[in-house]
Amino acid sequence: MRKREDFTEWYPEVIEKANLSDKRYPIKGMNIWTPYGWKTMKLIDGFIRREFDATDHDEVYFPLLIPETEFKKEADHIKGFEEWVYWVTHAGTTELDVRLLLRPTSETAMYPVFALWVRSHADLPLKVYQIVNVFRYETKQTRAFMRVREIHFFESHTCHDSFEDAERQIQQNVEIIERLSKEYCLPYILCKRPEWDKFAGAAYTIGIDSLMPTGRTLQLGSIHQYKTNFSEAYNITYEDENGQHKPVHQTTFGMAERLLGAVIAVHGDDKGVMFPPQIAPIQVVIVPILAKGSKTAVKNECQEVYHELKEAGLRAHLDDRDLRPGNKFYDWEAKGVPLRIEIGNQDIQAKAVTVVRRDTGTKDMIQRNHMMSKIKDLVNQIQTEMMDLGEKEMRENTHLVTSLDETKPGILMMGWCGEGSCGHEIEDQTGMSVLGEPVGHEEYSGKCIICGNDTKTPICVAKTY
RNA sequence: GGGCCCGUGGGGUAGCUUGGUAUCCUUCCAGCUUGGGGUGCUGGUAACUCGAGUUCAAAUCUCGACGGGCCCA
C-alpha cells in the first residue's frame, strides 16, 4: 500500500483493512458504518457536541422528510439543490399530492417552524444544532467518507436580532473550528468563497478546507451568513423593544464525515490508518507474548494492566486472540491504534512493559511502577506531534505565487482584483478552483495575477475533491 | 454536462478473443503444531450482478437495468 504513489488505491484499501466501512451495500454512495468506524465517528461527534453545548446551542431533531411546498419557498436555495434531491412520491400505492423530499440539508425543514418559535426579541438568539443523516444525489464518483449520498451531517442553525450579532456567531464558529482541529489533528484553512461558489441562498460562505496528500483540497464543512434571505422567505420575524416587526438574521454551520476521511488521508501511512489518540476507538492495545511455561503469569499480568488502563480512563483493549503476536501487530497497526503494549515473560522478569508507538514505531521498555504516567504522557505527546506534523505538511505545500506559470500541487496564494471574470480566468488557465480569500489573512499588497491591477486581496486556489 | 472501461466465493484474481468440467492466492471455520514482527500441515464452507435475447449449450456473444471505476469539461 503506497500512499504517496497511488492515493486512489491506497485510500479505500486502508479503510477496508481497518474495517471502518463496508461499501458492499448495493446503493451507490450509501455505505455501512461498521462497529469500529462508527465508534470513531461517535468520538468525533462527541467533540462537536461538547463544543456546541458549551456555546449555548441546543440539540434538536427535525424530521427527515420535507414537503415540497416548504422546500420551494426560497428561490436560490431550490435552484442550488433540485438536482440533488431524492423524492418520496408514493405512500403505499397512493401517489402523493404533495411530494416529500429527503432532506439534503435542513433549512427548509426548520425555518417554517422557526417562524412559530420566534416571536419577540426575548426569543433571540435562537441557536440549535442536530447530528443527522442527509441525502444528496451525487452523480460524481463516490468515495467512503469523502463523497457519499447518505451523509452523516452536523448542522447548526442560528437566528439573531441583527447582522452584527450574526457576525459574532460566525466568529464563534471560527473559534470552535480552531479547537476541534486540535482534537482531530486536522490542519485547515478558512476561505470566503467567491460569489459564484457560495451556498445556495447564502449572503456569503466560508469554506473549511484541508489539504490531502495528493495536493488537492477537501472541503470539510462550511459556515454561512444568510442575512435575512431565508427569514424573509419563511417569515421568521420578531418584535423588537419598540414594537417593530423585523426579519431575523441567520447563520448556519455544517460539517460531515469528511472529517474522518480527512484524518485517514492526512495521517494514514503505508501500514494503514493512524488515529489521533483523542478520536481513536482504542488508544492502547495489549498484546500478550505467550510462551511455554509462563502463559498463566503473562495472562494474569495482561489482565492487571488492562484494568489499570481502564480505571485510568483510557480506551484499552486486551487482544487475547489465539494468533501469533506478529499477526496482531500488523492488525492493530492497520487499525491505527496509537499505542501498543507488549507483555511477555521478559517484561515480567524486568518488572516492566514494552510500549510501541504507532506513529514513530519506537519501542521502549518502561518500568511497571510508573507505567501509567508514562502512557498518559505518550498519548498526549502523540496527539500534539500528529497535529504539528499535519500543519507542517500543509505549510510546506502552500505557495505564494505571482504568475500562473508557477503552478504546482497544493494550495496557491495569489493576488486577485475581485472581478469575477479574472477569477474564472484563473480557474480556466490552471484547472484549479478558487477557494476564496483566506479569513483573517495578514496584510497583503500585490497585483491581480490576471489583469495586473493593484489589490490588497489574496486568494487561495487549489485542485479540489 | 460529454466520452470510455469494468462487474467471477468475504477480499484479490485466472478463464472470455475461439461458447461445453470455473483457476490460484487470501480470509473464514475445525483440528494439530507454533508463539518478542504475517508458523506449518490436514480437512471444510463459499462465486460467474440482475433481466431479456441468440444457441443443443452462455461466466464467455448481443441488448437493457443496476453497481463499480477512469478521463475531459
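Keep in mind that the numbers below use all heavy atoms, side chains included, and drop hydrogens, waters and symmetry copies. A note on names: the letters A, B, ... follow the listed sequences, proteins ahead of strands, and every chain is numbered from 1.
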query: Side chain of A:K328, base of B:G35: donor and acceptor closer than 3.5 Å?
result: no
task: Test for a donor-acceptor pair under 3.5 Å between the base of B:G36 and the side chain of A:E342, counting only N and O atoms.
output: yes
message: Ring-plane angle category for A:F81 and A:H77, please: parallel below 30°, perpendicular beyond 60°, tilted otherwise.
response: tilted
field: Stacking of A:F329 on B:G37 base (centres under 5.5 Å, planes under 30°)
entry: no
field: 5′-ward residue of the pair A:R143/A:P325 relative to RNA chain B
entry: A:P325
- prompt: Counting just side-chain N and O atoms, does A:R324 come under 4.0 Å of either OP1 or OP2 of B:U33?
  reply: no
task: Look at all strands and tell whether A:Q346 reaches a base, only sugar-phosphate, or nothing, counting heavy atoms closer than 4.0 Å.
output: base
- request: Ignoring the backbone of A:Y330, work out which of B:G1, B:G10, B:G38 is nearest its side chain.
  value: B:G38
query: Could a donor-acceptor pair under 3.5 angstrom be found where the side chain of A:D347 meets the base of B:G36?
result: yes
message: Please tell me if A:S294 has a side-chain N or O lying less than 4.0 Å from either OP1 or OP2 of B:G35.
response: no
query: So which one's nearest nucleotide on RNA chain B is more toward 5', A:K140 or A:R340?
result: A:R340
task: Test for a donor-acceptor pair under 3.5 Å between the base of B:G37 and the side chain of A:E333, counting only N and O atoms.
output: yes
query: Would A:R99 count as a cation-pi partner of A:W87, with NZ or CZ less than 6.0 Å from the six-membered ring centre and within 45° of the ring normal?
result: yes
- line: pair_partner(B:C66), Watson-Crick or wobble, both distances < 3.5 Å, evaluates to B:G7
field: Worked verdict on A:F145 versus A:W33 for ring pair (Phe, Tyr, Trp, His ring centres under 6.0 Å)
entry: CA-CA 10 Å; A:F145 309 133; A:W33 287 95; 5.2 Å; yes
query: Below 3.5 Å, does any donor atom in the side chain of A:T354 face an acceptor in the base of B:G36, or the other way round?
result: yes
- prompt: Taking only side-chain nitrogens and oxygens of A:K292, does any of them come within less than 4.0 Å of OP1 or OP2 of B:U34?
  reply: yes
message: When you measure from the side chain of A:R147 to the backbone of A:T142, do you find a donor-acceptor pair of N or O atoms at a distance under 3.5 Å?
response: no
task: Under 4.0 Å between any heavy atoms, over every strand shown, what does A:D428 touch: base, sugar-phosphate, or nothing? Just pick one.
output: nothing
- prompt: In whole Å, what is the span from the CG atom of A:L323 to the P atom of B:G40?
  reply: 13 Å
- prompt: With a 4.0 Å cut-off on heavy atoms, is A:G29 in touch with a base, just the backbone sugar-phosphate, or nothing at all?
  reply: sugar-phosphate
